[in-house]
Amino acid sequence: MKRTCSALLALLCCSLIPACSRPLPTRCVITAATRVDSPPALTPLAEYITDYLPVGTAEPDKHTNSIRLTLDTTLSSEAFRLEVRPSGVDIAGADYGGIFNGIQALFRLMPSEIYAKQRPERIELTDTILTDRPRFAYRGMMLDVARTWQSPDAVRRFIDLLAYHRINKLHLHLADDEGWRIEIKSHPELTEIGGFRGGDSPVRAVYGKWNEKYGGYFTQAEIRELIDYAAVRNIEIIPEIDLPGHSRNIASIHPEIRCNYPPDTVSTNGYDYRSAWCVAREENYALLSNILGEICELFPSKYIHIGGDEVDFSQWKRCPDCRRLMHRKGMTVPSELEDYFMNRLTEMLAAHGKHPGVWNEAAASGEFTHDCLVYGWQHVKANLDATEKGYRTVVMPGEYFYFDMRQTPQEDGHDWAAIFDAKKVYGFDFAKLGFTEEQMQHVVGLEGTFFSEAYVSHHPEQPDYLDYMCFPRVCALARIAWRGNDEGWDAFYRELVDEHYDRMAAMGIRFRLFPPKITYRDGVFTAATDDGSQIYYIKEGSDDEHRYKRPLHTDQPHLYRFFTRYRTARSPYVADKSYHRTIVPAFTLTTSMGESSSTPYSNAEKYKGLSRTRRACRQQDWIRYDFANAVRCREMYLQTGNRQLPKTIVTTGYAEVSYDGERFERAGELEKGSITLHPDRPIKSVRIVSTCNDNGTPYVTIQPPRIKPIL
Ligand code: ACM
Ligand code: ZN
C-alpha cells in the first residue's frame, strides 16, 4: 500500500501531540483513517473502493469512521440502500451487485477526480440517505473485437467505463468474418491464423488497413482474467461466436466447412465469398462441439451467444448436400436449415448447462427454443415480434442503440440504421413504440453496441473513435436501463453537463460534446454553447484553431467551421449552410475496370448514387471524370468506396488533373481511397490512378464528385 513520507509524519504527529486533535466532524469525512468493513464475500468490493478513495492507509484515530458494506436480503436483486452520516457510510445491498451499485452511487456524491484514481486526501460528504434499484436486470453493451482487435488492457478500460455507468453485461463479439479472437486449445489454428488479417494471412484485411499483417486474440488465460476483472465490477461477460453466417474467417482456415459447390471466384476476384457453415456436413458439428465446449467451460455466463444473423441462404440453396438434407427432413424453406443448425448448437450448449443467446433472425420463425435470449438488433419491429412470441428479449434496435452510427450527417460512422445522438437514445420509449404490458414482461433489458468496422480513426488530434462514438450515448443508455426517462431530456442534459462531463473527463474518456449553436446573419457569425465548453473556429485553407470570443464579421461564411472543446472532449464541426453547398456539373465517367451492369456509370453521372466497376483494381487502372464544361471550384472531393466503409476503395493510388482534357498532371496521393483538390484553375478532367494490385473486394465503388463552388 502506498504511503508517502509526509503522510507518515503527519500520522506520527497526530498520534503523539495532543494539540493535533480536532473536534469531531459534523459531516462525513473520508480520509486515510477511514476503514472499509465488509464480510469476506465482499472483500473484492472493499479492495475496489481502496483503488479510488484514500481509505485505510493511516492508523485509526478518534475521527476514524467506516464505510460499511452489508448484505440485506430484504432488498431486491441489485438494489441498494446508501446512508451517509458523520459516523461513516453504510451501503446495504441484496447481493454483490446491489452493493457495487451502492458504491457507484457513493462515488457520484464525491468530487469527480476520484474517477482518475487520484485518491484525494479528504472527501467531505453531506448527510444522504438513498435507496435505488434498477429498472432492468440486463443493462448491456456489446463490443466488437472481431473486426478490430482490442487488447486485454483496452477491454479492461472499457469494462471500467461501463461499470461506472452500472452497465452489468458485456457482450463480447469474438468471431466474425474478419477475425477469430478467442483461443480454442483444440484448434490453435483458429487464432494463430484467424486472429490476424492482411499481409500473408489468408484472412484478408478488409477495412482500413491494407498491406500490413495486424491483429491479435485473447488467450484463455487472458479471457479468464477479463472475466474476473469484470465480475469484480458486477459485469458478466457474455461471449459471442457468430454462427452459421459471418464465418468467412474460420472458413478461410477450414474451407471444408463450406457448402459443397465450386466457389464463384471469377466474379469475386478470386475471393471465395462463401461465409456460412454447411448445415448438412456432419463433421461440422464435431468441430463446433469442440469450439463451443471450450467456450462453455471458459465462461461462467448462463448464456452463450451463437449469432444467427444475416445468413446468406443462397449458399444453402446452391449446395446439393443442404438440399438433400432439406428433402430428407421435409423442409420447404432454407430458413428451416437455420432452425436445424441452431437447434444442434443449442443441444451442445445444453450438454454444458448453457443456453443460447441469438440475434433476432434466429427466432423469427418462432420455432427456436424459448429457453434463450433474443437480441433484437434489426429494428424496433424485430423486438416487438420477439416479445410478442414470448421470447425473453434484449432490446437493442440499431436505430437507437448502434453506437457505430454517426451522430450528425457530417460526422464519422455508419448510417444504415439511423443518424442519432445521445438525445435520441435517451428518448427511447417502449410505450410510444407499441410495446404492450404483456410484451414488457418479456423485455429483460437494453443493450448498446459498438461494431468496429470503421474503428480506424486514431488521429492524435481527433478524439478516440470508440470513446467519441460511445459517450455520452452510453450515459443515456445506462440511464434509461437503470431508471427510465421520466425526468425528461432537459433535466438529463443538465445532469450530463453539470456532472457527467467532469466525471467522464476524470475517467479519461474523450467524449463527444453537442455542437455549438451558430447563426450567420447580416455578415456576422455568432456562436454559443450552454455546456461551459470553449468555442473555436477554423478558416478554410488552414488548420489553425482560433478561440471564438466575440461575434465574427465576414462576408465569406462558407469558409468557417466552429466546434467546442471541454477538457478531454470535443464537439463535431458546425458550419453555415453555405459551407456545405455543392454544384453538380455534367460529366462522363469511364474506367479501365469496366462497368457493372447492376450499378452502371449513370448512377454517379446523375449524382444519384454509386457506380461500380466490373472487377477489382490492378496497378495503373484508372477512373476518369470528364466534365462537359471546365469546372471552376474551390474544392473538389473525389472518393472511391463508401464513406466510412472503405472496403471497396482504390486502396492506394493518386489523382491527376487536366485543364485541357488531354495533358494530365499529378495532383496528390489518395488517402483511404479519396482526395480533396483545391484547384486554382478550371478543371476539364480528373483521373484516379491505382498503384495497388487487388483491392481485396470484387469491385471498386465510384462516387460522384463533391464539388464546392467559388462563392
Ligand atoms: C448485426 O448487426 N448483424 C447483429
Ligand atoms: Zn451445404
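Values below: all heavy atoms of this structure, side chains included; hydrogens, waters and symmetry mates excluded. Whatever order the structure lists ligands and atoms in, that order sets their numbers, starting from 1.
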Task: Cation-aromatic face contact Arg248/Tyr273, 6.0 Å, 45 degrees - done: yes
Task: Vertex the Zn ion (ligand 2), arms to Cys319 SG and Cys259 SG, rounded to 10° - done: 110°
TODO: Could you point out which residue of Ile193, Leu174, Asn249 forms a side chain to side chain contact (heavy atoms under 4.5 Å, CB included) with Trp180?
DONE: Asn249
TODO: Classify the contact between Phe451 and ligand 1 as side chain, backbone, both or neither, using a heavy-atom distance cut-off of under 4.0 Å.
DONE: side chain
Open item on the list: Between Arg258 and Asp272, does any NZ, NE, NH1 or NH2 come within less than 4.0 Å of an OD or OE carboxylate oxygen?
Closed with: yes
TODO: Please name the pair of heavy atoms, one in Pro244 and one in Gly308, separated by the smallest distance, quoted to 0.1 Å.
DONE: CD-CA, 4.3 Å
- [ ] Decide whether an N or O pair under 3.5 Å exists between Trp359 and ligand 1.
- [x] no
- [ ] Decide whether an N or O pair under 3.5 Å exists between Asp309 and ligand 1.
- [x] yes
Task: Side-chain ion pair, Lys423 and Asp421, N-O less than 4.0 Å - done: no
- [ ] Calculate, to the nearest 0.5 Å, the distance between atoms CZ and CG belonging to Phe492 and Asn485 respectively.
- [x] 10.0 Å
Task: Apex the Zn ion (ligand 2); atoms Cys322 SG and Cys278 SG; angle rounded to 10 degrees - done: 110°
Open item on the list: Distance under 4.0 Å to a non-hydrogen atom of Tyr402: what atoms of ligand 1 satisfy this?
Closed with: 1 (C), 2 (O), 4 (C)
Open item on the list: If the cut-off is 4.0 Å to any non-hydrogen atom of Glu310, which atoms of ligand 1 fall inside it?
Closed with: 3 (N)
